[in-house]
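What's counted below: heavy atoms across the whole structure, side chains too, no hydrogens, waters or symmetry copies. Remember, predicted model here, so these are calculated numbers, not experimental data.
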Amino acid sequence: MRERSGVGVVCGLLVLLGAWLTGCQSPSGGVAEDGRLGGPATGTTGDNTPVPPAPTRPSGYGAVFLAVGECSSFGTTSFTEVPCTGERAAARVTARHEGTVRDGPRCPEVTDFVLHISEQRPASDEDGDGAVPQGYACMRNLQPPHPGDPGGGGGPRTIVGDCVYGSGDGQVRETACDGTGRREPQFKVVRAVTERADCPGPTALYVRLGGKRPVGCARPL
């Protein structure tokens with residue numbers, strides 16, 4: 001994450017033709033340790049004309065592209081950052097990481113979907129220079145449905161409470177436990193364990209979950 005340059009105040013003493021000129025004044029808001037102005041401030045120019053405070057960007061929106069707690073518009077391939085209180089807001093960022101999903105940290109369990117953020121030029125960025133590091137945002141819908149919830153039939157992770165069906169190629173796919181998905185559920189993940197031997201007796205299928213407990217114990221429905 002880039003940091004904006006700080007604001008400093010320099011005081012100088014100039015001797016010119018035997019007259020002393022002093023022309024420095026600190027802003028009334030003060031300067032924080034990280035170099036940012038500590039609060040609104042006004043000053044005066046050399047002719048005592050008031051100088052208005054510099055405009056600031058709204059807190060929590062726009063300072064960092066899709067930071068945790070911020071919201072996106074609808075869409076998983078074309079999207080923009082929008083105020084969470086606006087009518088275009090669709091989902092909120094619950095976690096934000098740089099790099100790729102394959103190499104980076106896992107999203108929270110109840111993530112509804114993942115936004116892949118291009119390294120080139122998305123609609124908005126951190127500091128206005130047209131570039132945002134490649135990354136991904138873990139998203140949670142502001143309103144139901146929540147496919148990432150247990151049994152919801154979607155989301156980037158399979159978790160305890162999810163249902164799956166055999167896809168015919170030796171793999172399983174997630175589907176809604178209530179039967180509203182395109183395919184009927186055949187198995188339900190009832191426990192996550194470290195090794196297959198830790199699964200309960202009625203286990204009929206082992207599902208790869210990943211994480212610290214990578215084995216999902218599934219029973220038939």
Side-chain angles (χ1 to χ4, degrees), residues 65-81 84 89-119 122 132-221:
F65 183 64
L66 287 181
V68 174
E70 294 178 349
C71 294
S72 76
S73 60
F74 293 91
T76 57
T77 57
S78 178
F79 58 91
T80 56
E81 180 183 311
C84 290
R92 189 185 304 272
V93 181
T94 59
R96 173 76 152 81
H97 305 289
E98 292 186 1
T100 63
V101 174
R102 176 178 298 180
D103 300 326
R106 294 162 61 85
C107 283
E109 284 193 349
V110 292
T111 298
D112 288 330
F113 63 95
V114 176
L115 287 181
H116 299 270
I117 300 170
S118 170
E119 189 175 8
V132 172
Q134 181 184 16
Y136 57 98
C138 309
M139 309 299 296
R140 175 80 171 171
N141 292 331
L142 295 179
Q143 301 293 334
H146 294 289
D149 283 353
R157 295 182 56 179
T158 301
I159 60 177
V160 173
D162 281 340
C163 293
V164 298
Y165 65 93
S167 61
D169 56 358
Q171 303 291 323
V172 294
R173 299 286 185 271
E174 191 174 333
T175 188
C177 288
D178 61 4
T180 58
R182 294 182 179 180
R183 298 289 299 271
E184 288 292 324
Q186 296 176 334
F187 304 90
K188 184 173 184 177
V189 180
V190 296
R191 186 177 300 181
V193 296
T194 304
E195 299 178 355
R196 290 188 177 188
D198 298 327
C199 284
T203 298
L205 181 72
Y206 303 99
V207 181
R208 182 181 300 176
L209 305 181
K212 295 182 178 179
R213 295 183 177 180
V215 179
C217 313
R219 61 175 176 82
L221 294 175

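- Using a 4.5 Å heavy-atom threshold, the side chains of Arg96 and Ile117 count as touching.
- Atoms SG and CG, on Cys71 and Leu142 in that order, are 5.0 Å from each other to the nearest 0.5 Å.
- Side-chain atoms of Thr94 come within 3.5 Å of backbone N or O of Cys138 as a donor-acceptor pair.
- Two residues are said to be in side-chain contact when any heavy atoms from C-beta on lie closer than 4.5 Å; Val101 and His116 meet this criterion.
- Ring geometry for Tyr136 versus His97: interplanar angle of 30 to 60°, hence tilted.
- Under the 4.5 Å side-chain criterion, counting only non-hydrogen atoms from C-beta, Leu66 is in contact with Leu115.
- Rounded to the nearest 0.5 Å, atoms CD (Glu184) and SG (Cys177) are 11.0 Å apart.
- Proximity of Thr158 to Val172: side-chain heavy atoms (C-beta onward) are nowhere separated by under 4.5 Å.
- Here the side chains of Phe187 and Val207 are not in contact, with every heavy-atom distance at 4.5 Å or above.
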*Under the side chain to side chain contact (heavy atoms under 4.5 Å, CB included) rule, what do Thr100 and Gln134 come out as? Steps first, then yes or no, please.*
CA-CA 7 Å; Thr100 63; Gln134 181 184 16; 3.5 Å; yes
*Begin from the C-alpha positions of Arg173 and Arg183 and carry the test side chain to side chain contact (heavy atoms under 4.5 Å, CB included) through to its verdict.*
CA-CA 9 Å; Arg173 299 286 185 271; Arg183 298 289 299 271; over 6 Å; no
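- Taking all atoms of both residues into account, the shortest heavy-atom contact from Ala192 to Leu209 is CB-CD1, 3.7 Å.
- Side chain of Ser73 to main chain of Thr80: a donor-acceptor pair is present (N/O by atom type, distance under 3.5 Å, no hydrogens or angles).
- Contact detail for Val189 and Gly216: the closest heavy-atom pair is CG1-CA, 4.0 Å.
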*Test Asp162 against Lys188 for side chain to side chain contact (heavy atoms under 4.5 Å, CB included), laying out the working first.*
CA-CA 6 Å; Asp162 281 340; Lys188 184 173 184 177; over 6 Å; no
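- The two residues Ala204 and Pro220 make their nearest non-hydrogen contact at CB-CD, 3.6 Å.
- Put simply, the side chain of Asn141 reaches to within 4.5 Å of the side chain of Pro147, judged on heavy atoms.
- At distances below 3.5 Å, at least one donor-acceptor pair connects side-chain atoms of Arg140 with backbone N or O atoms of Val110.
- Under a 3.5 Å cut-off, the side chain of Arg157 and the backbone N or O of Gly148 do not form any donor-acceptor pair.
- Put simply, the side chain of Glu174 gets close to the backbone of Gly154: a donor and an acceptor are under 3.5 Å apart.
- When all heavy atoms of Arg191 and Pro200 are compared, the closest pair comes out as NH1-CD, 4.0 Å.
- A salt bridge is absent between Asp112 and Arg92: the closest approach of a Lys/Arg side-chain nitrogen to an acidic carboxylate oxygen does not fall below 4.0 angstrom.
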